[in-house]
Undergrad: 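Pasting a structure below so you can have a look.
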Protein chains: 2
Amino acid sequence: MSRNIKSANIAFRKHDHRRCQRELLSAARRVCELRKLRLTTRRRQVLEILLISHQPLGAYDILAELNRAASGERIAPPIVYRALEFLLAEGFIHRIESRNAFISCVHPGHLCAAQFLICRDCERVAELENSDAALLAQADVLGFAVDHSVVEITGVCAECQKHGG
Amino acid sequence: MSRNIKSANIAFRKHDHRRCQRELLSAARRVCELRKLRLTTRRRQVLEILLISHQPLGAYDILAELNRAASGERIAPPIVYRALEFLLAEGFIHRIESRNAFISCVHPGHLCAAQFLICRDCERVAELENSDAALLAQADVLGFAVDHSVVEITGVCAECQKHGG
DNA sequence: CTGGTTACGTTATAATATAACATTATGTCG
DNA sequence: CGACATAATGTTATATTATAACGTAACCAG
Ligand SMILES: [Zn+2]
Ligand SMILES: [Zn+2]
Ligand SMILES: [Zn+2]
Ligand SMILES: [Zn+2]
């Protein structure tokens, strides 16, 4: 649990974000090599755009970013959605359902059951990994076979409470 | 907790659903009277459509249902979305973020922090009320002020595991 | 190099949601 | 009652998010 709190702090505080990006990208490369997957240019571009932001981005934000970067190209939605599909399936990013947005995972490739704390002021998102034992136990009692969980907590982070008023 | 399991069972099993609907509708009426709110025809229509279904419905499903019922009228999306906004604000319904859909609340007007078990076979949804103490404690340690939580567990219910194979 | 497969590109369109403004119903007070 | 303020509904247009369908290019095993 102290590990979780650490990683949450990172998202909500100043840190060497360049280093974050580099480390997470090379982690993704390693995972793809292991799994014999192709981290193609497009996929890498989309992942990089998400790595640069600790905030979740919509598919069309990513699209705009791609089109800005490569002036001349006119990239269309399916390209972005397909890259996102790949990155989601391999556990490099998460989808934030309550925002129709996507964010890079802090432990790429783990296919983790993540929980998110989402600040509605600064829009930053902390990813925790602490699964809800009580809820899962209850699902089990009901004979409900869990596939996938979405846990998204919206509120105001400590920083924004100080600064924002 | 045994209460929660009971209510979850109701959603996933055969029961007197007509009675469900009647009771939840009159509960909503009572709450509106208490709060001096107007449960207008449109709002009641939308609530009724959701009460009839233990499954979540999209806004456009509700729209289609309204237009089917009142042939001649040509109701437009904003009407539905405004009724949904009212019903959400007063705690008569919930939004299922991972489905862009809406479902009636099993304890209308309580503004509860609900958790959902969503069967991906039969599409039924059980609403639990069991808040995740561990997660909230962790948010607290981080100084994160929680506003709203989204907890949506997808899987296969006990019934569908038996029948579906 | 050939055929099978995977990924990418392109066009069109579906599904979900809201902005902006006009109209009607409801309640209040003189 | 009648004039006003407010809340709710209706209408039109459009924004935002996502996918279907089909063609082309890259990659790889034999
Ligand atoms: Zn993750
Ligand atoms: Zn913040
Ligand atoms: Zn509820
Ligand atoms: Zn089921």
Side-chain angles (χ1 to χ4, degrees), chain A residues 28-29 32-33 35-50 55-67 69-90 92-103 123 150 152, chain B residues 28-29 32-33 35-50 55-67 69-90 92-103 123 150 152:
Chain A
R29 279 191 212 278
C32 283
E33 222 167 307
R35 294 186 191 161
K36 313 275 188 215
L37 297 170
R38 292 164 56 194
L39 188 60
T40 61
T41 305
R42 283 281 176 247
R43 290 167 174 176
R44 183 180 43 69
Q45 284 174 331
V46 170
L47 179 57
E48 281 179 334
I49 288 168
L50 286 171
Q55 299 166 324
L57 297 177
Y60 281 74
D61 297 331
I62 295 167
L63 184 59
E65 191 56 42
L66 281 174
N67 279 324
S71 59
E73 291 186 279
R74 221 64 326 236
I75 290 167
I79 291 177
V80 173
Y81 280 100
R82 283 191 292 232
L84 290 170
E85 188 180 23
F86 169 83
L87 297 168
L88 281 170
E90 299 302 328
F92 299 136
I93 65 174
H94 293 284
R95 183 181 158 88
I96 307 289
E97 296 290 349
S98 57
R99 304 251 165 164
N100 295 328
F102 303 86
I103 192 163
E123 303 257 296
V150 170
E152 298 171 9
Chain B
R29 279 192 212 277
C32 283
E33 222 167 306
R35 293 185 192 162
K36 312 275 188 215
L37 297 170
R38 291 165 57 195
L39 187 60
T40 60
T41 304
R42 282 281 175 248
R43 290 167 175 176
R44 183 180 44 70
Q45 285 174 331
V46 171
L47 179 56
E48 281 179 335
I49 288 167
L50 286 171
Q55 299 167 323
L57 297 178
Y60 281 73
D61 296 331
I62 295 168
L63 184 59
E65 190 55 43
L66 281 174
N67 279 323
S71 59
E73 291 186 279
R74 224 54 338 229
I75 290 167
I79 291 178
V80 172
Y81 280 101
R82 284 192 292 233
L84 290 170
E85 187 179 25
F86 169 84
L87 297 169
L88 281 169
E90 299 302 328
F92 298 136
I93 66 174
H94 293 284
R95 184 181 157 88
I96 306 290
E97 297 289 350
S98 58
R99 303 253 166 161
N100 296 328
F102 303 85
I103 193 165
E123 303 258 295
V150 170
E152 298 171 9

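Below, each value reflects all heavy atoms present in this structure, side chains not excepted, and no hydrogens, waters or symmetry copies.
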Undergrad: Write down the distance between CG (B:L84) and C1' (D:dA8), rounded to a whole number of angstrom.
TA: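 Spelled out: CG on B:L84 to C1' on D:dA8 is 15 Å.
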
Undergrad: Please give, in whole Å, the distance from C:dT6 C1' to A:R42 CZ?
TA: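 My rounded result for the distance is 16 Å.
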
Undergrad: With a non-hydrogen cut-off below 4.0 angstrom, is A:R43 in contact with a base, only sugar-phosphate, or nothing?
TA: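 Sugar-phosphate only.
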
Undergrad: In whole Å, I'd like the distance from the CD1 atom of A:I75 to the P atom of D:dT24.
TA: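 Taking atom P of D:dT24 as the reference, CD1 of A:I75 is at 20 Å.
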
Undergrad: Atom CG in A:L50, atom CD1 in A:I93: separation rounded to 0.5 Å?
TA: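 Taking CG in A:L50 and CD1 in A:I93, the distance rounds to 5.5 Å.
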
Undergrad: Given atom CD of A:E73 and atom C1' of D:dA25, what is their separation to the nearest angstrom?
TA: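 In whole Å, D:dA25 C1' and A:E73 CD are 14 Å from each other.
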
Undergrad: Looking for any heavy atom pair under 4.0 Å, which part of the strands does B:R38 touch: base, sugar-phosphate only, or nothing?
TA: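 If one applies the 4.0 Å heavy-atom cut-off, B:R38 turns out to touch the sugar-phosphate alone, with no base involved.
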
Undergrad: In this structure, how many angstroms lie between the C1' atom of C:dA15 and the CZ atom of B:R99, rounded?
TA: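 From B:R99 CZ to C:dA15 C1': 15 Å.
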
Undergrad: Let's go through B:V150 and B:E152 carefully: what are the C-alpha distance in whole Å and the side-chain angles of both, what is the deciding distance for side chain to side chain contact (heavy atoms under 4.5 Å, CB included) to 0.1 Å, and is it a yes or a no?
TA: CA-CA 6 Å; B:V150 170; B:E152 298 171 9; 3.4 Å; yes

Undergrad: Between B:Y60 and B:A83, name the one whose nearest nucleotide on DNA chain D is closer to the 5' end.
TA: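 Checking each residue's closest nucleotide, the 5'-ward one belongs to B:A83.
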
Undergrad: Could you state the interatomic distance from CG (A:D61) to CD1 (A:I49), rounded to the nearest 0.5 Å?
TA: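 Those atoms lie 10.0 Å apart.
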
Undergrad: Would you call the rings of A:F86 and A:F92 parallel, tilted or perpendicular if under 30° counts as parallel and over 60° as perpendicular?
TA: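 Ring orientation of A:F86 relative to A:F92: tilted.
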
Undergrad: Return the nearest nucleotide to the side chain of A:I79; candidates are C:dA17, C:dG9, D:dA18.
TA: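 Among C:dA17, C:dG9, D:dA18, the one nearest the side chain of A:I79 is C:dG9.
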
Undergrad: What is the separation between atom CZ on A:R82 and atom C1' on C:dT6, rounded to the nearest whole Å?
TA: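 Interatomic distance, CZ of A:R82 to C1' of C:dT6: 11 Å.
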
Undergrad: Is B:T40 near enough to D:dT9 that one of its side-chain N or O atoms lies under 4.0 angstrom from OP1 or OP2?
TA: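 Yes, because at least one side-chain N or O of B:T40 sits under 4.0 Å from OP1 or OP2 of D:dT9.
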
Undergrad: Is B:R95 near enough to C:dA17 that one of its side-chain N or O atoms lies under 4.0 angstrom from OP1 or OP2?
TA: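 Looking at the OP1 and OP2 atoms of C:dA17, one of them is under 4.0 Å from a side-chain N or O of B:R95.
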
Undergrad: Does B:R44 reach a base, just sugar-phosphate, or nothing at all? Heavy atoms under 4.0 Å.
TA: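 Nothing: the residue B:R44, judged by heavy atoms under 4.0 Å, touches no strand.
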
Undergrad: Whole angstroms only, please: what is the CZ-P distance between B:F102 and C:dT16?
TA: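 Answer to the nearest Å: 10 Å.
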
Undergrad: Counting side-chain heavy atoms from C-beta on, which of C:dA20, C:dT16, D:dT19 comes nearest to A:P77?
TA: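 So the nucleotide nearest the side chain must be D:dT19.
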
Undergrad: If each of A:A76 and B:P78 is mapped to the nucleotide of DNA chain C with the nearest heavy atom, which maps nearer the 5' terminus, i.e. the 5' end?
TA: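 It is A:A76, whose closest nucleotide lies nearer the 5' terminus.
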
Undergrad: Reckon A:Y81 has a side-chain N or O less than 4.0 Å from the OP1 or OP2 of D:dA18?
TA: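 Checking A:Y81 against D:dA18: at least one side-chain N or O falls below 4.0 Å of OP1 or OP2.
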
Undergrad: Do the side chains of A:R99 and A:E97 get close enough for a salt bridge, i.e. N-O under 4.0 angstrom?
TA: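 No salt bridge links A:R99 with A:E97.
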
Undergrad: Would you kindly give the CG-to-P distance between A:N100 and C:dT18, to the nearest whole Å?
TA: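 Answer to the nearest Å: 10 Å.
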
